[in-house]
Amino acid sequence: MAVQADPRLVAELETYGAQDVLKCYHCGNCTAVCPFSKEPFIFPRKSMRYLQMGLREKLKANLEPWLCYYCGECSEQCPREAEPGETMMSMRRWLTAQYDFTGISNLLYRSWWAELAGILLIALATGFGFWKFGTSVGDIHVYDGPNAFLPSSAIHAFDWTMATILGTFLLVNCVRMWWMTMGKDPRTRATPGMYVHRLGQLLLHFFTQKRYSECDKKAPWRLHIVLMLSYVTMLVLIMFFLPVVQAGPAINWWAHALGYAASAGLIVTVAMALVGRIRKSQTHYKHSHETDWIFLAMLLYVAVTGVLQHALHRLGHPYAANITYLAHLMGVVPMLVLEVPFSKWAHMCYRPLAMYFAALQIDVMEAREAGAVPETRTA
Amino acid sequence: MDNQKIGVYVCNCGTNIKKVVDCDEVAAKALEQDGVVCAKSYKYMCSNPGQEMIIKDIKEQGLDRVVVSACSPRMHEATFRGALAKAGLNPYFLEMANIREQCSWVHVDPRAATDKASDLTRGAVRRVVHHEALEKRFVDMCPATLVIGGGITGLTAALELAESGNQVYLVEQSDRLGGNLANVDLTAPYLDSARDLIRERILRATRNPNITVFMNAKVESLDGYVGNFRARIAADGETVPVEIGSVVVATGYKPFDASRVKAFGHGTNPNVITSFEFEAMLRKGRIVTGQGRPPRYVTVIHCVGSRSEEFHPYCSRVCCMTALKYGQEIKAALPDAFVYDLYIDMHAFGKGCEDFYKQASEIRTIFMMFQKNTAPQIVAAGPKDDCEMFLRVDDKLSGEEVDIPTDLIVLMVGMEAREDSGEVARLVNISRDKDGWFIESHPKLDPVATTTDGVYIAGCCQSPKDINESVAQARAATARIMAKIAKGRIEVDAVFAEVNQDDCSGCRVCNDLCPYGAIDFDPEAKRSNVISAMCKACGACVTACPSAAIKGRHFTDEQIFAQIEGVL
Amino acid sequence: MSQLRIGVYFCSRRNGASASAPDTRALATYAATLPQVAEVKILAAGASLDPAALAKELASRKLTTVVIGAQSPGYFKTAFTRAMALAGLDPEAIRLASFREHGAGYGDPTERAKAVVACAVLDVPFALAAVPDRTPMHPDTLVIGGGIAGIQTALEIADAGKKVYLVERSPTIGGHMAMFDKTFPTLDCAACILTPKMVAVDQHENIQLMTWSEVESVAGKPGDYQVKIRKKARYVDLDACVACNDCSAICPVTVTSEFDSGIATRKAIYIPFPQAIPNGFVLDAENCTWIQSEGTKCGACVKKCSKEAIHFDDKDEVVEVTVGNIVVATGFETFDARRMDRYGYGTFPNVLTALEFERLTNASGPTGGNIVMKTKKLNKRTKQEEWVFDPDGPRPKSVAIIHCVGSRDRNYNPYCSRVCCMYSLKFAHLVKEKLHDAKCYEFYIDMRAFGKGYEEFFERIKEEGIHVVRGRSAKVKEVGGQLLLRGEDIVDDKVLEMPVDMVLLAVGLEPDAGSGDLARKLGLSRDEGGWYTESDYNIDPTGTHRGGIFVAGTCQGPKDIPDTVAQASSVAAAVLKTILREQGTGSQGDVTLASIENLARQLAEI
């Protein structure tokens, strides 16, 4: 059954960063050089074609953009400067917007004023809220212990509420991703058994980004894994051990050591990424979408303020520490709220999910060839 | 005849002959022949040392006949005749035995091949004995030229000759000069103005005193031979006889009739037009659908009538770039319109063309590849759709069957030979290939000459061509003509048929038989005569003459029979 | 003639001035002074025009006619045409002032552009007004380059009884065509159709052949050029040499043969190939022991030569000739496949370039036309293992041909090399013909079979069982001595990982290395690809802006043999034209604005 072409899709994707897709004349070079391009997932050329032709539904159901780690080989060798790597990146942004049911993501990606405004708004709200709260429960000159300005217990509680809300958003988006890529098309419906059997994939790829490490270039993966692990460590510390990390006066090395390491990791890697993007040092740094800048900038801000407030507290400047802490929170909250379910951060879930689904789709295919899944469902 | 001294030279042609034929043996065998005083085998007879060898032997051993067993005479006969001439021997005392094309290249068994080579050589030896000294002859060269066709090719040919100071008769069948190019607005890939280009040619031609232009005219008859043709040109009711030395045929092409491709329904569907109809729209600045509104989606389809089993097997060479040009022009005229370009293979081979192709992508032309011998299918649009129709394409690149929205379809019609090309071919006595294009005398090294001396072909009547390629051919043709004019006379081969007036019964059997119209009949004397300058020495008349009155010089009966005996 | 209101609009596609870009402001002021000009406007660079808005403007200014001035005004014309139609004006009343087309490159671009605008405003075809002065004419002609283009031009002119000097850099004429085995699509053997012409050149009384020679300098003016030609020391007296090969046989120095494109060797004293013209030997001084040792070592060939044809005291000699016309036919060289490391050329022995394969499959080549794989062999002299073609070596069971190597690629040469598709198909045919059960694959992007009989040849190839794969293969690896090729079949939507025994790279064409240097000597311009720029793409593909200097064949852009020959002959026509009327034409670059404007005004009156 024929699908309808939509010539407007190209223009739509341009706002997500795909500027050159129409330059592709299909020599197949990119697909051939890509180490990940194996049947049944042959990319990036074919995904580029879906976009050129404006096959919206095909593109939505397409896992391939997530299977690409943007090593840049394809873009470097492209005879037509069609930037396949950047096109795949833009498709990931676009897909993030498609998975998101609120439409916020779409807004953030397409208008960067909206994103700035959002950040500012949430930051002010957070600042105002915590100020009111802090001054009502405690004293700005006290950092921890009784009468503290921002008691860890309260922050802890706040973190969990926020985590629950954001988590729900993200979860819904992940479910939508599942529906678009797995559920909708009967040909890609896997059995529960398969889902259980492949679950390992999900965790493996989440924690190790094994696939990324298989790129011909290793450096980008190293940076990415350090960044991501530091990020997760920090998250775990904050979500579960906030009292220990924040409270003092005694240093609690088993928690703090981790904390320091993670913060260092964060700052260094983020700084490196920023410098890379400014210098356009590598192919995957050549084209930077506004959201890339904001993501990195906020990450850096949060890490720095975090470290600073901790240091000030340690050095015995509770007042300054509290102010920085407030500033820190004014960065953390908007970053998490915007990035986690609606923007770049979400790829932390989408990527491993995509690997997981891809593995499942292969299972389904093999099963069908083996005749385990009745043909009627494929009709 | 016994006192003749024959030299036999067997060429190894590197390995071409030697790898199958034992050349030394062939030479040795030849030496046994009576009359043969020397027989040698050498790696390349055609090379200078090879020729030197012959010349030396002629001078030192006083050879008066030479046999070269090598490649086809078509290849090197001239070379060796030259060698004989250098040595002061009449060039026609040479005979070649073809032991390459007719032996080493087609046989695998060395023994048999070697024997055959020896037989062929023996035949040549026996034949050469009967060779006579023939003298080259010359005819005058009339500097005037007849150019048939007033398109860009014909105009250019006419101008070159006229500007070199020679008379040109330019015959144009229609009522205006410029041909198909006159209907074109811009040219690919630089979007230069075709109008200015053709206008410049026409102004030059019409103002040049050396050019006589015949409009609405037709060449009624052409007879005579190279350097001395007589043509009758019919124009405005009267017939003008002209004397010319050469003829340039530049009759061009005719656009393919798109209605022959049923799938597109050209002629019935108002939104399906040909490239030429679209060109007219562009010139008028009114690009509209059959419903009279500017199209939102324009689809350009390549290779209509070209590269197809059903219609023409060949590529029409210019349509691809023209299609890209339309992309540019549509985007300029209708900035918001979407352009789809459906191609099989994008032939962007010319200078600047690949870049032009990239530009088309940059201005957002959407390219789609379809398969040879398949046609995209037109599907009706629903009431909600914002387009007149859909084109259903099996898009291999995405592996999907895709419906693309379309308001206007432009068919890139190819070129085909004109209906009257057969007539023209008969008129000037040249041949056509299976597609109706005129055949050049050599596809690579002689693309403008024909089998008839003094008649040249240029431009799209030979095969589809771009402007610059047509122009180059037009000039190439004039180069040959200018060379002859510069010399003032033309050498005619000494080999031709002769009618023995005493034996001729005047039965006129030969007259219609001659493929070159080289025989005319003298009503008074009731005798036929061969016009030697036109005779190609094919021998048709010689064999046909019931009273054996016609003798083919250099192909006399005794020569032929001697050769046959020799071979047997 | 009725009063017009002409609007002159200056447009440009991208901002940022190039060397040949005229000063638009100066142009605008100039245009305003021309008759009937009612409006002059400079439109923003790179802006896409809105016909509707334009229409309003044209109507409001009550214009009847529009002149578009730009490097390539055609890009804006259709917008104006529509605007005219929308405004109810005559859509045909648009005139183009194309600076690029009419040589804004020569002389002062602004002055030239002014002239172009003047002609457009006066509606006089530029070529009719920009007429260079007629010059006195020397009847002799110099042809630079002895390939098929040079040979053809020389013969055409010489046949008219006119003198030609044919200068060739290498020891023999024949060029690349002499190296080829067969020619597409007719498959007749290249040497068989070329050598008769070479012989003809050698024997022609009107052609003075100078091989092993190079153009040193060019002085003078159109119709009367003084050219200094350096005849390099050949060390062999051609009149004495009978090409007996004794010298070569005894010469101890072995180097790779240029004619066999490096797949075979030659001696330091050698003849490029048996039918070479002139048919004499040449001594390669860089590699000759005797020369290098200044007469202290070797010298075997001198002792051997019975004709005493070898003279070590031979010196370069510079001769000066005076000619009226110069024809440049310096041809091409092939893309260096080493630049694309992903195909492993130079690393993997059985990855070959097109020219190497031409020699390999050539009956007179080192393997006698046997298509074999390179094998390791011990070189007795150097005591080292070398990869060589052994005539009885193993035959490849599978051959892959990769198109567009170095062509159609922004990272290398963006242009299409025009001949690769067809010669690749020819290779496929030769492989099938000689190795019946070998598999053969063509990896291509677009199959550009555009010439007479080409498309039919493509069909024939497919019937012969060659696998044509759409998609330019991207990588060649070697795993355990086995070549492994990775590519995408974009039509069948597959990624192919196939083992092959031999890979042929359809390398593209590049201008001859010396063409830049020669361009400077002759004052010719070249495009970004390095090809000589013709004076007019459509109507004068072989002329240059320098009077009496012409370009023919592949030095002007990639071309196949028929197109090259047609061009070569057409150059001959241009030359003969000047000789017949005994007047040369001056350089376009020398035509002044004043003279163009005056002539244009005169012509406009009529």
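Convention: sequence-line order gives letters A, B, ...; per-chain numbering from 1. Just the heavy atoms: all of them, side chains too, but no hydrogens, waters or symmetry mates, feed the values below.
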Nearest heavy atoms of B:Pro405 and A:Ala5, plus distance in Å: CD-O, 3.7 Å

Heavy-atom contact with chain A under 4.5 Å, split by part of B:Arg392: side chain

Spatial distance of atom CD (A:Glu14) from atom CZ (B:Arg364) [nearest 0.5 Å]: 4.0 Å

Worked check of side-chain contact (heavy atoms from CB on, under 4.5 Å) between B:Glu362 and A:Leu22: CA-CA 7 Å; B:Glu362 285 160 353; A:Leu22 281 177; over 6 Å; no

B:Arg293 atom CZ: more than 12 heavy-atom contacts under 6.0 Å: yes

Cationic N near anionic O, under 4.0 Å, B:Lys358 to A:Glu81: yes

Check against side-chain contact (heavy atoms from CB on, under 4.5 Å), A:Tyr25 and B:Met369: CA-CA 10 Å; A:Tyr25 66 13; B:Met369 196 182 89; over 6 Å; no

Distance in Å, B:Asp385 CG paired with A:Gln4 CD, rounded so as to fall on 0.5 Å steps: 5.5 Å

Atom pairs and distances, donor-acceptor, side-chain atoms in residues 26-46 of chain A, under 3.5 Å, two or more places apart:
unit_1, atom_1, unit_2, atom_2, d
A:His26, ND1, A:Arg45, NE, 2.9
A:His26, NE2, A:Gln52, OE1, 2.6
A:Asn29, ND2, A:Gln77, OE1, 3.3
A:Thr31, OG1, A:Arg45, N, 3.4
A:Thr31, OG1, C:Glu488, OE1, 2.9
A:Ser37, OG, A:Phe43, N, 3.3
A:Ser37, OG, A:Phe43, O, 3.2
A:Lys38, NZ, A:Pro35, O, 3.2
A:Glu39, OE2, C:Val495, N, 3.0
A:Arg45, NH1, C:Glu488, OE1, 3.4
A:Arg45, NH1, C:Glu488, OE2, 2.5
A:Arg45, NH2, B:Leu397, O, 2.3
A:Lys46, NZ, C:Asp493, OD2, 2.8

Region of B:Tyr357 that comes under 4.5 Å of a non-hydrogen atom in chain A: both

Flag if over 12 foreign heavy atoms under 6.0 Å of NZ, A:Lys184: no

Flag if over 12 foreign heavy atoms under 6.0 Å of CD, B:Glu310: no

B:Met346 versus chain A, the contacting section by heavy-atom distance below 4.5 Å: neither

Heavy atoms of other groups near A:Arg198 CZ, more than 12 under 6.0 Å: yes

Within 6.0 angstrom of B:Lys284 NZ, more than 12 heavy atoms from elsewhere: no

B:Ser398/A:Lys58 under side-chain contact (heavy atoms from CB on, under 4.5 Å): CA gap, chis, key distance, verdict: CA-CA 10 Å; B:Ser398 62; A:Lys58 294 296 287 181; over 6 Å; no

Portion of B:Phe367 that has a non-hydrogen atom of chain A nearer than 4.5 angstrom: backbone

Side chain, backbone, both or neither of B:Asp394 within contact of chain A (heavy atoms, under 4.5 Å): neither

